[in-house]
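As the structure lists them, so they are numbered: ligands from 1, and atoms in each ligand from 1.
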Amino acid sequence: MALILGIESSCDETAAAVVRDGEQQLSSVVASQLAHQQYGGVVPEIAAREHLRAIAPVVRKALADANVKAEDVDAIAVTQGPGLAGALLVGISYAKAMAFALDEPLIAVNHLEGHIHAVLLEQRQAGNHQVDFPVLSLVISGGHTHLYLCEQHGNAWTYELIGRTRDDAAGEAFDKVAKLLALGYPGGPVIDKLSKFGDAKAVKFAPVQIKGHPRKVSKRYAQAGNPVPQGESHDFSYSGMKTAVLRYVETNGMREAIEKRRAELAKIQPTIDDFRRITDQHTIDLVASFQRAMVEDVVAKTMAAARETSTATLLVTGGVAANSELRSCFDQAAAEEGVRVFFPSLKLSTDNAAMIAAAAYPKFLAQEFADAEMSAEAGLALR
Ligand code: KG4
Ligand code: ZN
């Protein structure tokens, strides 16, 4: 039996969790930083400082909730990247100090691998240990819209990137549109909830057009005897969608209403009911249409990749995977294609540390430990 303490601090959530054998969450504590809300986005310097304040109590609470002592832990896992360098360093320094003090191994985890293992963790926790390959994972969050073909060799997992955003990540587009329309930060949850009251056909968005790139696969992937996909890569692009919203706002004279809402919001800590009350129907229809266009594009591109790679299991994970319309649209499309699709629970869709501890478990079994030199890698790639 292995107890792994996971620590996550890559962006604006300070998180710690204790997971047994990569499949039983004993605790999961997430402290979200509210200090960024007034800026409409994450401020790196503030994030690092907030992590410094939160990390010790968050780790202490994760151990207490799991009813374990620090000495009972068998390894400390921490996010190495990708993320904000200053933010990552807080978690890494803390994890290193703990591993040194307890004389336990340190495991470096890629944040994106964590998101993928959030789904696997909960499936195992529910007793579902069998994953049918090929497995395709869509990691869709504030920083990423990445499609990975996943392979498992013994305990170890490897990942082949077959599509990614050329510009804005999907969550970034949600956040920027929310900022533009004065709907707070983060934008995804508010747009999701408001969209239920809007007409998604009210505003037409042109389909996302991107020039194809010929597909490249890694040598490792090709040499493993995998069928090398032909044709173009399965890339995404969402900055155009955000610009289309901006243009709509300008041509429909919506500025004044937006600034009025912004001023009202500044006076309160708004709930979703407040957003509904102070948002006009025209804006609600616009966000519903925006969300519909985003969801349709994400699902169509992902299912095209699933078809081409004969995907048996699709994992959709990351903050935007919490979106209710995205989930129902994927459920329907996957059922039609005969693909099994899995999402994390809402709690494990956004950043957390249970996913980091779960992703660390195969590395624990393989004794793939980090040394004292390990440091933050803001642009760490997943392979
Ligand atoms: O995975 P995450 O917590 O952090 C990153 O690794 O980026 O994802 C945060 C992103 C934000 O952009 C947020 O707006 C988006 O996930 N998000 C949503 C929803 N909940 C969170 N986007 C759409 N619909 C949601 N319900
Ligand atoms: Zn994330």
Side-chain angles (χ1 to χ4, degrees), residues 6-15 28 30-33 36-37 39-42 44 47 51 79-84 87-88 91 109-119 137-146 148 164-165 168-181 183-196 198 200 238 241-242 272 275 287-288 290-299 315-330 343-356 358-359 378-380 382:
I7 296 178
E8 152 68 35
S9 70
S10 66
C11 192
D12 57 346
E13 261 96 25
T14 317
S28 178
V30 179
S32 296
Q33 303 176 356
H36 307 281
Q37 279 177 353
Y39 302 100
V42 178
H51 283 306
T79 306
Q80 183 181 17
L84 303 167
L88 287 162
V109 175
N110 184 304
H111 180 82
L112 304 174
E113 181 169 29
H115 275 302
I116 293 170
H117 281 260
V119 193
S137 293
L138 171 68
V139 182
I140 183 164
S141 69
H144 298 86
T145 309
H146 282 34
Y148 293 99
R164 57 175 298 170
T165 179
D168 290 357
E172 194 179 348
F174 272 93
D175 294 339
K176 284 178 175 168
V177 164
K179 186 176 182 181
L180 165 71
L181 297 175
L183 294 174
Y185 174 84
V190 179
I191 291 180
D192 189 355
K193 295 194 181 92
L194 284 182
S195 293
K196 294 191 171 43
Y238 294 117
M241 205 83 90
K242 165 201 72 192
I272 187 64
F275 278 114
V287 298
F290 161 76
Q291 177 172 289
R292 174 68 53 85
M294 290 290 296
V295 166
E296 283 182 347
D297 186 80
V298 169
V299 173
L315 311 179
V316 181
T317 184
V320 183
N323 188 274
S324 55
E325 190 171 355
L326 187 83
R327 283 183 181 228
S328 59
C329 198
F330 261 126
F343 309 91
S345 61
L346 290 185
K347 199 166 169 239
L348 289 203
S349 292
T350 46
D351 288 350
N352 65 86
M355 67 185 198
I356 302 303
L380 186 65
L382 181 59

Mind checking the CD1-NE2 spacing from Ile116 to His146? Nearest 0.5 Å is all I need.
10.5 Å
Side chain to side chain contact (heavy atoms under 4.5 Å, CB included) test vs Leu112 passes for just one of Thr79, Thr317, Leu382, namely Leu382
Return yes if some donor-acceptor pair links the side-chain N/O of Thr165 with the main-chain N/O of Thr145 below 3.5 Å, else return no.
no
To the nearest 0.5 Å, atom CD1 of Ile140 lies from atom CZ of Phe343 at 10.5 Å
To the nearest 0.1 Å, how far is atom 17 (N) of ligand 1 from its closest protein heavy atom, and which atom is that?
Gly319 O, 3.5 Å
Per-residue contact class, Asp192 against ligand 1 - non-hydrogen pairs under 4.0 Å:
side chain
Over all heavy atoms of both residues, which pair between Gly142 and Ala169 is shortest? Give the atoms and the distance, please.
O-CB, 3.6 Å
If you measure from each non-hydrogen atom of Asp175 to ligand 1, which part falls under 4.0 Å: side chain, backbone, both or neither?
side chain
Could you tell me the residue and atom name of the protein heavy atom closest to atom 22 (N) of ligand 1, and the distance to it rounded to 0.1 Å?
Gly188 CA, 3.3 Å
Do any heavy atoms of Gly143 fall under 4.0 Å from ligand 1?
yes
Sequence neighbours excluded, the answer for side-chain hydrogen bond (donor to acceptor under 3.5 Å, both in side chains) partners of His111 is Glu8, Ser10, His115, Asp351
Distance-only N or O hit between ligand 1 and Glu172, under 3.5 Å
no
Short list, please: which atoms of ligand 1 are under 4.0 Å from a heavy atom of Ser141?
1 (O), 5 (C), 6 (O), 7 (O), 8 (O)
for atom 9 (C) of ligand 1, nearest protein heavy atom and its distance come out as Gly142 N, 3.8 Å
Donor-acceptor under 3.5 Å (Ser9 side chain, Gly91 main chain)
yes
Is the side chain of His36 donor-acceptor paired with the backbone N or O of Pro44 at a distance under 3.5 Å, no angle test?
no
Determine whether Tyr238 and Phe174 satisfy the following criterion, ring pair (Phe, Tyr, Trp, His ring centres under 6.0 Å), listing intermediate values before the conclusion.
CA-CA 10 Å; Tyr238 294 117; Phe174 272 93; 9.0 Å; no
For ligand 1, indicate whether the residue His111 contacts it via side chain, backbone, both or neither (heavy-atom separation under 4.0 Å).
side chain
Tell me if a side-chain donor or acceptor on Glu13 pairs with a main-chain N or O of Val30 at a distance below 3.5 Å.
no
The closest protein heavy-atom partner of atom 4 (O) of ligand 1 is Asp351 OD2, 3.1 Å
Residue pair Asn352 / Ala354: nearest heavy atoms and the distance that separates them:
OD1-N, 3.1 Å
Closest non-hydrogen protein atom to atom 24 (N) of ligand 1, residue and atom name please, with distance?
Asn323 ND2, 3.0 Å
Could you tell me whether Phe174 and ligand 1 have an N or O pair separated by under 3.5 Å?
no
May I ask you to check if ligand 1 and Gly171 share an N or O to N or O distance below 3.5 Å?
yes
Minimum-distance pair of heavy atoms, taken over all atoms of Val42 and Ala47:
CG1-CB, 4.2 Å
Hey, is ligand 1 close enough to Pro186 that some N/O pair sits below 3.5 Å?
no
Closest contact, heavy atoms only, Gln37 versus Tyr185:
CG-O, 3.4 Å
Is it true that His115 lies under 4.0 Å from ligand 1, counting heavy atoms only?
yes
Any protein N, O or S atom under 2.8 Å from the Zn ion (ligand 2)? Found His111 NE2, His115 NE2, Asp351 OD1
Of all the atoms in ligand 1, which lie at a distance below 4.0 Å from a heavy atom belonging to Thr350?
3 (O)
Check whether Asp192 reaches the backbone of Gly188 with its side chain - one donor and one acceptor, N or O, closer than 3.5 Å.
no
